[in-house]
Amino acid sequence: MERVLWKQDPCAVRAPTSTEQQQNQESEHGTTVTFPRHGESKAECCGQGLACTIKFFKSQGYEERTGTFEKGKPLPEASYQKKGKNKTPKPINDGNGSPGLQDCPGGRTWNRRSGRFRSGRRRGRLPGARAEPAACRGRATPLGSAGWLQPLSARQETLPRRASGGGGGSRARARSPAAPSRRRTGRAPSRAGQQLTMDLRMLSRELSLYLEHQVRVGFFGSGVGLSLILGFSVAYACYYLSSIAKKPQLVTGGESFSRFLRDHCPVVTETYYPTVWCWESRGQTLLRPFITSKPSVQYRNELIKTADGGQILLDWFDNDHSQCYMDANTRPTILLLPGLTGTSKESYILHMIHLSKELGYRCVVFNNRGMAGEDLLTPRTYCCANTEDLETAVHHVHSLYPAAPFLAAGVSMGGMLLLNYLGRIGSHTPLMAAATFSVGWNVFACSESLEKPLNWLLFNYYLTTCLQSSVKKHRHMFVKQIDMDHVMKAKSIREFDKRFTSVMFGYQTIDDYYTDASPNRRLKSVGIPVLCLNSVDDVFSPSHGIPIETAKQNPNVALVLTSYGGHIGFLEGLWPRHTYMDRVFKQFMQAMVEHGHELS
């Protein structure tokens, strides 16, 4: 261990003690500390690479600290600041425990050799400037703009230096003990001074690289940051696996249906792993339309007439290139029902068609009146309580392909409409099976949940504006029976239904309409196998509204309840392109087409 005396300034009058000088002279490993007169600093410890102990002696505003310096690493720097009215510079800490630079605030530069400010309004000698102390004379070399440093043991290495007097501004000469005194002139610097300057510039580059490296990797390179990240990752992984990733709850009213699903639709019994960075209900609901893929689908449009003189638009995907079912008459057909304001262009509908294409099936999308761009011929739109249009579409499709297996799938309000249809008609339907996703079972509970402030801001108001836009383009059809100006001022779905939907379909109150629209009342009357996928955290369909007890009483109904998934979300994977809902749809449809006879 080498002890080095670092004198911050020639004004620091404290001289090293005899003990310090003896320790420096008796060091087993020599220490070379070289500093040229100008520029920045460089220092290294020779020998075995031992660390040097550096002391900052407190004198006239300076502070005393102890640090270590390892071989090959440059010394740190800091900056000076003015002290009081006399502008005496003092070292300040820059956050790394380093002494100060020479530049003063306010554009002034302190000339350490003359004791004057080089620029600025306050020029002249500082009151504390004096001649160089005897303890420093002949040994201290300027540390560029940072200070003075030289080991006491290296008394033979000296550099000439001028010091300013305390009162009259007289010039003094720094003399070397081993060389005669010479008067300094305006000659060019000596060869030794040039070499020292070159060494100092090299140190400046090394110091800059060292500081940049420390700033860049200081947090992570030290191991502390990496440990924190690893610790947090392990804790989050444990929480995710124990509380987020869970198997869905399967509720059935008969053992045969439950066994059938375990054998041919195993996805309903597998652990559902929501997206690790987006498993919350609202996040899944909002992000799904943006991050999931949208397969390209070419439709064939068909307009069919209704009993009241209206028309319904059906979008067909015939899948004529099916390799599994080349005969169009026997090719399985799936009727798809979109949500409240959805059409055949919704991403979840496109995914279902894409999966059906892989299975070789045909698809047809049921668009609600006036939603897909067709003209509205009668003053009537749609609601989930009235199933007349759906019955018309079901019978029309079945009449075209009576020998083909016929299934249906509904999403959100489309699922509510499908369940109400199945509950009314029972087993007297050409459909052999059906699936629903994110159904609102109790409309009162759904409306109450959507009217909470955050849910209203994220979902309710937006859907209300979509409903208003859908009827605004057909406004001339409703002005005789409905106050459209009052409808356009609605701020929630409940207000829209109260002012428009319930009036159009002849309900006395909004409560009468919501009671008739809730599918939980008709679930016990469903007469064909139906699989219903819901998320417990769905803000559109609260968990307390899910009819679990009613489902247990009907052997044709199976509820699959996940802990997370949101409303039509069910995102899974690190960057989800498909969803858990897609897998449930594909496996259930395939199971019913290929093994549905086992439930007969």
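These numbers come from a predicted model, not from an experiment.
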- prompt: Backbone N or O of A245 within a donor-acceptor pair of the T271 side chain at under 3.5 Å?
  reply: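 Not at all, since once roles are kept as given, no pair shorter than 3.5 Å links the two residues.
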
Of all residues at least two apart in sequence or in a different chain, which pass the side chain to side chain contact (heavy atoms under 4.5 Å, CB included) check with [X]?
{"X": "A435", "value": "F437, F588, M589"}
{"X": "E255", "value": "R259, R262"}
{"X": "V536", "value": "S543, L561"}

field: Listed once per pair and sorted, the ring pair (Phe, Tyr, Trp, His ring centres under 6.0 Å) pairs that draw on residues 522-543, sequence neighbours left out
entry: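 Ring pair (Phe, Tyr, Trp, His ring centres under 6.0 Å) check on residues 522-543 returns F459-F540, F540-H567.
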
Contacts of [X] that satisfy ring-ring contact (aromatic ring centres under 6.0 Å, His included) - sequence neighbours left out:
{"X": "F257", "result": "none"}
{"X": "H544", "result": "none"}
{"X": "Y514", "result": "F444"}
{"X": "Y272", "result": "Y580"}

- request: Can you sort out the partners of R522 under salt bridge (Lys or Arg N to Asp or Glu O under 4.0 Å), two or more places apart, ordered by chain and number?
  value: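 For R522, the residues satisfying salt bridge (Lys or Arg N to Asp or Glu O under 4.0 Å) (neighbours in sequence not counted) are D516.
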
query: Which pairs, with at least one residue in residues 232-249 and sequence neighbours excluded, count as a side chain to side chain donor-acceptor pair (under 3.5 Å)?
result: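 Matches after skipping sequence neighbours: Y236-W279.
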
query: If you look only at pairs with a residue in residues 264-280, which of them pass as a salt bridge (charged side-chain N to carboxylate O under 4.0 Å, His left out), with sequence neighbours excluded?
result: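 Checked against salt bridge (charged side-chain N to carboxylate O under 4.0 Å, His left out) - neighbours excluded - the pairs reaching residues 264-280 are E270-R583, E280-R282.
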
Per-pair distances, 0.1 Å, donor-acceptor, side chain in residues 336-344, under 3.5 Å, sequence neighbours excluded:
unit_1 : atom_1 : unit_2 : atom_2 : d
T343   : OG1    : K345   : N      : 3.3
S344   : OG     : D315   : OD2    : 2.6

query: Going by an N to O cut-off under 4.0 Å, is there a salt bridge joining K489 and E495?
result: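 E495 and K489: not salt-bridged.
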
- prompt: When W441 is tested against each of T550, T436, N520, N534 for side-chain hydrogen bond (donor to acceptor under 3.5 Å, both in side chains), which residue passes?
  reply: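 Among the candidates, only N534 passes.
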
